Visitor: 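Can you read through this structure? Questions will come right after.
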Amino acid sequence: PVPVEAVQRERQPLWAEHAGGVQVGGQEVQVRVRARGGVVRADAEEAVVRVVADLEHAGPEDRSRAAAAAPGTDAVPSGNLALLVRVFDPDGRLVAGGTALPSPEAMGEDAAMVAGGSGGASGLRPRAIHAVVPIRRPRRWWPRGMGEPDRYRIDVTLLDQDGQLPLDAATCRVGLRTVALDTAPDEHGSAFTLLVNGEPVFCRGANWIPCGLFPAAVPADTVRQRVRQAADAGMNMLRVWGGGLYEQDAFYEACDAAGIMVWQDVMLACATYPEEPPYPQLIEAEVRHQVARLARHPSVVLWCGGNENVV
């Protein structure tokens, strides 16, 4: 097992995708906004949140209209857009924010990163808007029994060239905390101590298995109720068993809110898996997707390679 920071990438999906319209050569083109980012630092004196909003055409028709209006390019024009980022503390007070403009020096890197995964098959070179937001003296997220599981709300608004008309918006909650795994040598061999915000945590909890044979039929309220029951029983950690599934968003949101830490297994369990291509590549793609999907949740403190497997 390794702490989440060892596998968490700087660029991670942070909010759901939304679409808005921009003008290209007199033609209105729908643009999809994909915001990525995460907590760069979460010290007691200052936390830093980095937000990256990728812009791309919402679909083939929009790409065609843009290409017809501006021959020779299929890129989304970002020069006339801006990103408004506002951060609200756990009490709802605006504590940080600002307006970010497109970052020319990052466009090539981001375009290669987004399109490169599929060999550039989309033919699309997205544009990106970057924002780095410092938060002074943050109220950090703590596990149950050690403090409050405080979270901040981040609102992101995509603005037109005048900085007035909102084209799109998204919001989410993030927790500001650090996590590390101490495996230093000791008199017994080596330690295995989880540190949250620099403080050692005595972990007590249970294995979490799917709530039913048909996970898609399990209501979110049922999942939330199970997490509340774990908290009422005095637990501060749930281990998502590697023989189950990556849980629905409601599970991780409930753990964030309750201060329940999550030990997240990769979904490998009790089997001999093929080692020849393309299986390793499929596993890597799945893990990358899930790590990116779950990285914004402060409750996810540990990733484990699987259940009863050498991987």
Side-chain angles (χ1 to χ4, degrees), residues 1-9 12-13 143-144 149 175 177 179-183 189-196 201-311:
V2 294
V4 67
E5 272 70 11
V7 292
Q8 179 172 310
R9 289 181 173 271
Q12 311 147 8
R144 189 170 187 82
R177 60 99 180 97
V179 62
L181 185 64
D182 179 10
T183 57
S190 62
F192 193 89
T193 304
L194 194 66
L195 304 172
V196 176
V201 183
F202 180 72
C203 301
R204 54 193 186 277
N207 288 318
W208 176 277
I209 64 174
C211 289
L213 291 176
F214 304 100
V218 176
D221 284 345
T222 298
V223 173
R224 297 187 189 102
Q225 181 185 18
R226 297 291 180 266
V227 173
R228 285 195 300 268
Q229 289 171 336
D232 291 343
M235 299 180 187
N236 67 0
M237 174 174 274
L238 290 171
R239 176 241 181 172
V240 179
W241 173 54
L245 75 161
Y246 297 102
E247 270 297 340
Q248 57 180 274
D249 292 340
F251 169 77
Y252 301 99
E253 293 286 353
C255 289
D256 290 347
I260 299 290
M261 298 176 291
V262 174
W263 170 311
Q264 178 68 55
D265 276 6
V266 172
M267 293 301 123
L268 298 170
C270 310
T272 301
Y273 292 92
E275 298 183 7
E276 67 275 5
Y279 207 83
Q281 290 79 11
L282 294 174
I283 293 175
E284 180 180 354
E286 177 181 293
V287 173
R288 285 183 179 275
H289 170 79
Q290 293 295 342
V291 169
R293 173 194 161 219
L294 302 179
R296 72 175 179 87
H297 292 285
S299 57
V300 180
V301 296
L302 197 74
W303 281 85
C304 181
N307 173 70
E308 299 179 5
N309 288 81
V310 178
V311 294

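Quick caveat, the model's predicted, so the values are computed rather than measured.
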Visitor: Give, for atom CG of Asp232 and atom CD of Gln225, the distance between the pair rounded to the nearest 0.5 Å.
Guide: 10.0 Å
Visitor: Looking at Asn236 and Phe202, what are the two nearest heavy atoms and their distance?
Guide: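 Minimum heavy-atom contact is ND2-O, 3.0 Å.
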Visitor: Kindly compute the distance separating CG (Leu245) from CD1 (Ile209), expressed to the nearest 0.5 Å.
Guide: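 Going from the CG atom of Leu245 to the CD1 atom of Ile209 covers 11.0 Å.
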Visitor: Go through the steps for Phe251 and Arg226 under the test side chain to side chain contact (heavy atoms under 4.5 Å, CB included), then give the verdict.
Guide: CA-CA 9 Å; Phe251 169 77; Arg226 297 291 180 266; over 6 Å; no
Visitor: Which heavy atom of Val201 sits nearest a heavy atom of Pro143, and at what distance?
Guide: CG2-CG, 4.3 Å
Visitor: Ignoring hydrogens and angles, tell me if any N or O in the side chain of Arg144 forms a donor-acceptor pair with the backbone of Ile260 under 3.5 Å.
Guide: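 No; zero donor-acceptor contacts below 3.5 Å.
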Visitor: What verdict does the side chain to side chain contact (heavy atoms under 4.5 Å, CB included) test give for Leu181 and Thr193, after you've listed the backbone C-alpha separation in whole Å, the side-chain angles of each residue and the deciding distance to 0.1 Å?
Guide: CA-CA 6 Å; Leu181 185 64; Thr193 304; over 6 Å; no
Visitor: Write down the atom of Gly305, the atom of Val266, and the distance for their closest heavy-atom approach.
Guide: O-CB, 3.5 Å
Visitor: More than 12 foreign heavy atoms under 6.0 Å from CD of Gln281: is that the case here?
Guide: yes
Visitor: Between Val179 and Leu195, is any pair of side-chain heavy atoms under 4.5 Å apart?
Guide: no
Visitor: Check whether the side chains of Gln290 and Arg293 place a donor and an acceptor atom closer than 3.5 Å, and report yes or no.
Guide: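 Note: Gln290 and Arg293 side chains meet the donor-acceptor criterion.
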Visitor: If you define the side chain from C-beta out and look only at heavy atoms, does anything of Val218 sit under 4.5 Å from Val223?
Guide: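 Yes. Closest side-chain heavy atoms under 4.5 Å.
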Visitor: If you apply the rule side chain to side chain contact (heavy atoms under 4.5 Å, CB included), what do you find for Val262 with Val301, and how did you get there?
Guide: CA-CA 6 Å; Val262 174; Val301 296; 6.0 Å; no
Visitor: Drop me the distance from Thr222's OG1 to Gln248's CD, to the nearest 0.5 angstrom.
Guide: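 Taking OG1 in Thr222 and CD in Gln248, the distance rounds to 9.0 Å.
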Visitor: How far does CG of Asp265 sit from CH2 of Trp208, to the nearest 0.5 angstrom?
Guide: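 These two atoms lie 14.5 Å from each other.
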Visitor: Measure across Ala258 and Pro149 and return the closest heavy-atom pair with its distance rounded to 0.1 Å.
Guide: C-CG, 4.2 Å
Visitor: Quick check: closest heavy atoms across Cys255 and Leu238, and the distance to 0.1 Å?
Guide: SG-CD1, 4.4 Å
Visitor: So Met267 and Val287, do their side chains get closer than 4.5 Å, heavy atoms only?
Guide: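 SC-SC contact between Val287 and Met267 ruled out.
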Visitor: Could you check Val196 against Met261 for side chain to side chain contact (heavy atoms under 4.5 Å, CB included), going step by step and ending with a plain yes or no?
Guide: CA-CA 10 Å; Val196 176; Met261 298 176 291; 4.1 Å; yes
Visitor: Is a salt bridge present between Glu253 and Arg296, judged by a nitrogen-to-oxygen distance below 4.0 Å?
Guide: yes
Visitor: Kindly compute the distance separating CG (Leu194) from SG (Cys203), expressed to the nearest 0.5 Å.
Guide: 5.0 Å
Visitor: So how far is it from Ser299 OG to Arg177 CZ, rounded to the nearest 0.5 Å?
Guide: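 So the OG of Ser299 and the CZ of Arg177 are separated by 8.0 Å.
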Visitor: Is the shortest heavy-atom distance from the side chain of Asn307 to the side chain of Trp241 under 4.5 Å?
Guide: yes
Visitor: Establish, from distance only, whether the side-chain atoms of Gln264 and Tyr252 form a donor-acceptor pair under 3.5 Å.
Guide: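 Their side chains do contain a donor-acceptor pair, which is all the 3.5 Å distance test asks for.
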Visitor: Which atoms form the tightest heavy-atom contact between Ala269 and Gly242, and what is the distance?
Guide: CB-O, 3.5 Å
